[in-house]
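Beneath this line is the structure, given in structure tokens, with notes to follow.
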Amino acid sequence: MRAYGMYNYLHCNPWSPDSVFYVDQLGRVMNINVTLDTALGKPIEVFRFPSDLSSCDRRLCSSIHFTSQDWVTLSDGTGTLYLIHILRNDQSAAGKWELKFNQELGDPFIVLHSVLYTRSEVQIIDALILSIEKDELDVEGSGFHVSLEWISITCSPNDDKYEILKRRNLHGKSVPHYAAIEPDGNSLTIISYKPFRFIADETNQPEEERMEEEEKKGKEVRELFKMTFALPEGAGRAVLSSGSVEVTLAKREVGNMWAEVIAGDTQGEFVADPAQSAAIAERLMHLTSEDLNPNPDCEKPPCNAQELEECDMSLEDSTTLCRFDGNTTKATHVVNLGGNQFLFSLEAAPELMPCFSLRHDVDALMWQPVSSQGDNLWDHAATFNALGYVQASKQDKKFFTCAPNFSYAALCECVRRIFIYRQPTPVSTVLYNRKEGRHVGQVAKQQVASLESSDPILGFQASNERLFVLTTKKLFVIRVNTAG
């Protein structure tokens with residue numbers, strides 16, 4: 001339900017924010033542009049899926065992601081991936097869409113993200129797709145897992161050569177809140193309630209485990225395990241001065257700790273090697289402290305749990321942000337987001353990764369991921385005061401977003417109502433807070449728009465000046481800001 005039931009059917013071109021797209025029931029990609037203020041032009045067909053989609057019993061919603069200014073990645077919802085090259089002309093604002101590549105990949109999927117980059121003078125498109133697959137090994141859980149596939153495709157528009165360069169798979173047990181590829185194609189960032197791990201293609205074994213095993217096999221020196229047996233009184237004393245026999249074994253699996261030598265036999269005493277004990281203590285040192293509560297910020301606690309209301313509670317308090325290296329397929333950074341609830345994401349700047357919003361106490365903070373050159377994974381982009389608390393009371397909210405310039409945030413319910421939250425702006429008149437006796441220089445306004453329709457809302461997008469709302473029958477445009 002989370003993967004497909006709450007899908008946003010309206011898509012915005014971040015290089016042309018007042019141009020929106022959707023796929024209709026006939027499999028046509030339709031484009032609508034703003035012509036004047038809140039006036040919309042007629043829907044224009046820019047592409048049509050070549051196959052009959054209605055014949056697929058397991059068909060999902062069609063999905064679109066604008067890879068670059070000239071490339072679009074599509075899924076028809078039946079398991080086929082499409083790459084579209086946009087040729088710019090004066091006849092259409094959307095340009096001419098030309099199909100350059102399509103391939104059946106297997107199970108139906110949706111496109112989450114895509115990027116275009118150049119490596120060794122070769123253009124490559126990376127696409128990230130999501131599907132839900134049956135998990136025969138999961139007998140106690142749901143019986144399914146979430147599959148993320150990271151696909152790299154080489155592009156040569158001049159000679160029309162396109163081929164899949166690499167396919168990498170990750171499995172997890174929850175639908176990610178956020179998943180995006182870095183602009184240079186070197187890494188992948190995922191925010192999820194439950195962790196993801198890479199799966200090797202040949203054996204369906206986690207990639208990191210396979211690499212570790214290969215590394216172990218290449219070692220000539222095995223880890224040794226020594227056993228010392230005390231001899232009975234008088235036995236062997238003629239040849240053994242120590243009165244004991246020492247047996248040395250080479251472990252087949254390097255690094256494993258043996259709780260017992262013979263399974264089920266608890267006789268004897270384990271004596272750790274001093275060097276090994278020191279190494280373990282050093283690895284755990286960052287988790288310990290000599291003080292009971294080091295560096296407490298007692299005067300300004302981030303949040304008092306006793307003051308939270310029921311709508312503030314989140315079941316996903318263990319959400320983590322994980323960055324994976326695309327070459328080693330290993331996690332380079334893992335950040336526990338704790339009680340900072342994930343709210344939404346959007347592409348504020350098309351040349352960067354999508355930014356995301358987390359709740360911090362009562363506020364909603366916007367974070368912009370950056371290409372990691374160290375421990376700095378993201379930059380603070382904006383703050384919406386008290387929005388974290390306000391949105392928690394909207395139990396019927398369906399979509400949540402904000403303007404690319406962060407001038408306002410907006411959320412919509414499943415039917416009819418739109419809530420708009422503006423950033424604080426200076427007031428032209430003198431205004432005082434009577435309770436606190438202080439001058440108020442800025443005021444943040446909140447507005448509610450009600451659509452003249454009771455049809456379900458299927459899509460929701462925001463530009464700096466307008467909100468676009470797609471229902472089952474109409475597309476609405478709401479003017480929020482004037483162009484400046």
Side-chain angles (χ1 to χ4, degrees), residues 1-2 4-14 16-26 28-46 61-64 66 93-94 110 311 343-348 357 364 384 386-423 425 444-483:
M1 289 298 296
R2 172 166 288 186
Y4 308 135
M6 299 293 285
Y7 187 75
N8 192 337
Y9 285 81
L10 191 62
H11 307 274
C12 182
N13 182 352
S16 180
D18 286 322
S19 180
V20 292
F21 299 79
Y22 64 91
V23 181
D24 66 9
Q25 294 179 332
L26 300 178
R28 301 178 302 176
V29 179
M30 309 299 291
N31 171 229
I32 299 181
N33 289 279
V34 174
T35 56
L36 180 64
D37 201 19
T38 58
L40 295 173
K42 292 183 179 181
I44 300 173
E45 177 183 338
V46 294
C61 51
S62 302
S63 51
I64 304 173
F66 286 85
I110 57 176
C311 64
L343 300 178
F344 64 91
S345 64
L346 84 152
E347 296 193 19
S357 177
F384 291 98
L387 184 58
Y389 179 80
V390 172
Q391 64 82 32
S393 65
K394 301 295 186 290
Q395 297 298 316
D396 294 330
K397 66 176 178 291
K398 185 171 185 179
F399 298 120
F400 198 177
T401 188
C402 75
N405 63 0
F406 311 115
S407 59
Y408 71 91
L411 63 86
C412 71
E413 296 182 339
C414 297
V415 177
R416 196 183 297 274
R417 292 201 298 176
I418 315 295
F419 299 88
I420 302 170
Y421 305 94
R422 299 177 180 273
Q423 289 282 23
T425 55
K445 296 181 180 180
Q446 301 180 16
Q447 295 169 304
V448 180
S450 183
L451 304 180
E452 295 179 354
S453 170
S454 57
D455 298 321
I457 295 176
L458 299 181
F460 193 59
Q461 294 290 344
S463 69
N464 291 335
E465 289 88 32
R466 300 172 180 86
L467 272 173
F468 299 91
V469 187
L470 179 70
T471 68
T472 54
K473 296 180 181 179
K474 294 182 179 180
L475 176 65
F476 295 87
V477 58
I478 302 171
R479 185 62 177 265
V480 180
N481 292 325
T482 57

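FYI, side chains are in, hydrogens and waters are out, and symmetry mates aren't considered; it's all heavy atoms of this structure.
At a threshold of 4.5 Å between non-hydrogen side-chain atoms, the residues Leu475 and Val469 do not count as touching. Between Leu343 and Gln391 there is a side-chain heavy-atom pair separated by less than 4.5 Å. Between Phe21 and Ile32 there is no side-chain heavy-atom pair separated by less than 4.5 Å. Between Leu40 and Val34 there is a side-chain heavy-atom pair separated by less than 4.5 Å. Looking only at side-chain heavy atoms (C-beta outward), Ile457 and Val415 stay at 4.5 Å or farther from each other.
For Arg466, the salt bridge (Lys or Arg N to Asp or Glu O under 4.0 Å) test picks out Asp18, with sequence neighbours left out. With sequence neighbours left out, the side-chain contact (heavy atoms from CB on, under 4.5 Å) criterion links Thr425 to no other residue. For Glu347, the side-chain contact (heavy atoms from CB on, under 4.5 Å) partners two or more places apart in sequence, or in a different chain, are Pro14, His65, His113, Pro354. Scanning for salt bridge (Lys or Arg N to Asp or Glu O under 4.0 Å) contacts around Asp455 gives an empty result, with sequence neighbours left out. With sequence neighbours excluded, the residues that form a side-chain hydrogen bond (donor to acceptor under 3.5 Å, both in side chains) with Gln447 are Arg422.
Geometric assessment of Lys398 against the ring of Phe460 yields a negative cation-pi assignment under the 6.0 Å and 45° thresholds.
Note on ring orientation: taking the six-membered ring where Trp is involved, the planes of Tyr9 and Tyr7 are perpendicular (angle over 60°, cut-offs 30° and 60°).
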For this session: Let me see the working for Phe476 and Ser453 under side-chain contact (heavy atoms from CB on, under 4.5 Å), right down to the final yes or no.
Result: CA-CA 10 Å; Phe476 295 87; Ser453 170; 3.8 Å; yes
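The list of ring pair (Phe, Tyr, Trp, His ring centres under 6.0 Å) pairs with a residue in residues 395-417, not counting sequence neighbours, reads Phe344-Phe400.
Ser19 and Asn31 share a side-chain donor-acceptor pair at under 3.5 Å.
Residue Met6 holds its CE atom at 11.0 Å from CG of Leu458, rounded to the nearest 0.5 Å.
In this structure, the side chain of Asn481 engages the main chain of Asn464 through a donor-acceptor pair within 3.5 Å. Under the 3.5 Å distance criterion, the side-chain polar atoms of Ser16 are left unmatched by any main-chain donor or acceptor of Asn13.
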